[in-house]
Participant: 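Dropping the structure in here first, questions after.
In each ligand, atom 1 is the first atom listed, and ligand 1 is the first ligand listed.
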Amino acid sequence: MSIEDLESIAQAMVAPGKGIIAIDESTNTIKKRFEAVGIENNEENRRAYRELLLTAPGLNEHISGAILYDETIRQKTKDGVPFTQVMKKNGIIPGIKVDKGPVPLAGFPGDVVTEGLDGLRDRLAEYVKLGAQFAKWRAVINISDDNPSSTAIEANCHALARYAALCQEAGLVPMVEPEVIMDGDHSIEVSYEVHEAVLRSLFNALYEQNVMLEGTILKVSMVIPGKDCDEQAEVEEVADATVRVLKSTVPASLPGIVFLSGGQTDEQSTAHLNAMNRIGPHPWPLSFSYGRAMQQAALKLWSKDMKGNYVEAQKTVAARAKENGMAALGQWNG
Ligand code: 13P
């Protein structure tokens with residue numbers, strides 16, 4: 001696959017008014033989401049729920065791609081059609097989460113590093129065969145009085161860059177995701193500083209590993225105060241700080257930037273994205289790749305009556321896609 005091919009996939013992922021739905025929760029994470037609403041975490045419930053989301057009528061009007069989990073990319077609709085086939089037919093690009101999650105970083109209490117590089121070349125080749133066109137790797141950066149260490153930032157960015165280079169070799173667009181976690185009582189200024197350090201380190205590492213930015217997508221957290229910070233920020237403040245840090249660290253050759261929701265409410269995640277796009281134009285499209293902020297309303301509805309609320313739950317996820325799609329254009333009106 002040529003760089004032009006990777007570039008056109010990356011551009012399609014951030015087409016105007018479109019974003020990504022992240023449904024790549026590991027079996028452990030979806031267990032937490034299911035348990036919170038009283039759904040049993042078994043394979044059939046996971047399959048049925050992902051089918052509900054991926055086949056929601058009208059979803060493709062504002063969704064360009066979906067990130068799947070290893071189990072999900074192998075699953076089929078109840079009529080026996082592979083999910084990836086349904087997605088491609090609907091113009092939704094299949095993506096795959098390929099990291100193996102964070103583990104404690106030895107010697108640096110409170111810091112974590114994402115694993116999953118061993119054997120990654122072979123796993124990527126299999127995912128390509130299964131129909132994936134982009135991949136995601138999430139690095140987790142914790143904030144506390146002692147975290148993150150510069151060692152943790154570098155270790156995570158090095159792994160992200162190694163993963164990204166392997167993706168491009170395999171013909172997949174890497175979605176590189178450093179997530180600065182919202183837990184803690186840190187201020188928005190601290191969040192800004194950590195984002196700045198992480199993004200500088202990330203783009204340096206991508207350069208060192210010969211990653212072509214034109215065929216790469218950045219997925220990142222917003223610059224936001226910690227959940228327990230006494231001083232929460234206005235929507236415009238978050239938008240200003242996030243755009244400012246991106247402009248000072250992210251090269252203009254990147255085809256697009258998408259955000260994770262990271263524990264924000266549905267409304268916050270949409271309002272923040274909208275406010276950022278209102279103060280544009282920016283060097284890159286700014287869109288969404290939300291998990292919880294795309295799904296939580298639909299999941300809650302479905303959990304109350306799986307059969308009876310099926311259609312309403314599909315309408316709910318499609319409505320969230322539309323709201324976020326409008327926010328990606330700066331045209332959401334609350
Ligand atoms: P949230 O939007 O729920 O943070 O999930 C997005 C994601 O893919 C995190 O890796």
Participant: Quick one: ligand 1 N/O to protein N/O pairs below 3.5 Å?
Facilitator:
residue: ligand 1; atom: 2 (O); partner: Ser261; partner atom: N; Å: 2.8
residue: ligand 1; atom: 2 (O); partner: Ser261; partner atom: OG; Å: 2.5
residue: ligand 1; atom: 2 (O); partner: Gly291; partner atom: N; Å: 2.7
residue: ligand 1; atom: 3 (O); partner: Arg292; partner atom: N; Å: 2.8
residue: ligand 1; atom: 3 (O); partner: Arg292; partner atom: NE; Å: 2.7
residue: ligand 1; atom: 4 (O); partner: Gly262; partner atom: N; Å: 2.7
residue: ligand 1; atom: 4 (O); partner: Arg292; partner atom: NH2; Å: 3.1
residue: ligand 1; atom: 8 (O); partner: Lys136; partner atom: NZ; Å: 2.8
residue: ligand 1; atom: 8 (O); partner: Lys219; partner atom: NZ; Å: 2.7
residue: ligand 1; atom: 10 (O); partner: Lys136; partner atom: NZ; Å: 2.6
residue: ligand 1; atom: 10 (O); partner: Glu177; partner atom: OE1; Å: 3.1
residue: ligand 1; atom: 10 (O); partner: Glu177; partner atom: OE2; Å: 3.0

Participant: Tabulate below the donor-acceptor pairs under 3.5 Å that side-chain atoms of residues 235-246 make, not counting sequence neighbours, or state none.
Facilitator:
residue: Glu237; atom: OE1; partner: Glu234; partner atom: N; Å: 3.2
residue: Thr242; atom: OG1; partner: Val223; partner atom: N; Å: 3.0
residue: Thr242; atom: OG1; partner: Val238; partner atom: O; Å: 2.7

Participant: So if you build clusters from Ile, Leu, Val, Met, Phe, Trp, Tyr with side-chain heavy-atom gaps below 4.5 Å, do Tyr192 and Met276 land together?
Facilitator: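 Yes, because Tyr192 and Met276 connect within a single hydrophobic cluster, where side-chain heavy atoms sit under 4.5 Å apart.
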
Participant: Using salt bridge (Lys or Arg N to Asp or Glu O under 4.0 Å) as the criterion, list what pairs up with Lys78, not counting sequence neighbours.
Facilitator: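 Applying salt bridge (Lys or Arg N to Asp or Glu O under 4.0 Å) to Lys78 gives Glu51.
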
Participant: Suppose we screen for salt bridge (Lys or Arg N to Asp or Glu O under 4.0 Å). Which residues come up paired with Arg33, at least two apart in sequence or across chains?
Facilitator: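 Residues passing salt bridge (Lys or Arg N to Asp or Glu O under 4.0 Å) with Arg33: none at all.
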
Participant: In this structure, are over 12 heavy atoms from other groups packed under 6.0 Å from Glu267 atom CD?
Facilitator: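 Not more than 12 within 6.0 Å, no.
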
Participant: Once the angle between the rings of Trp302 and Phe34 is folded into 0 to 90°, is it parallel (under 30°), tilted (30 to 60°) or perpendicular (over 60°)?
Facilitator: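 Correct class here is tilted.
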
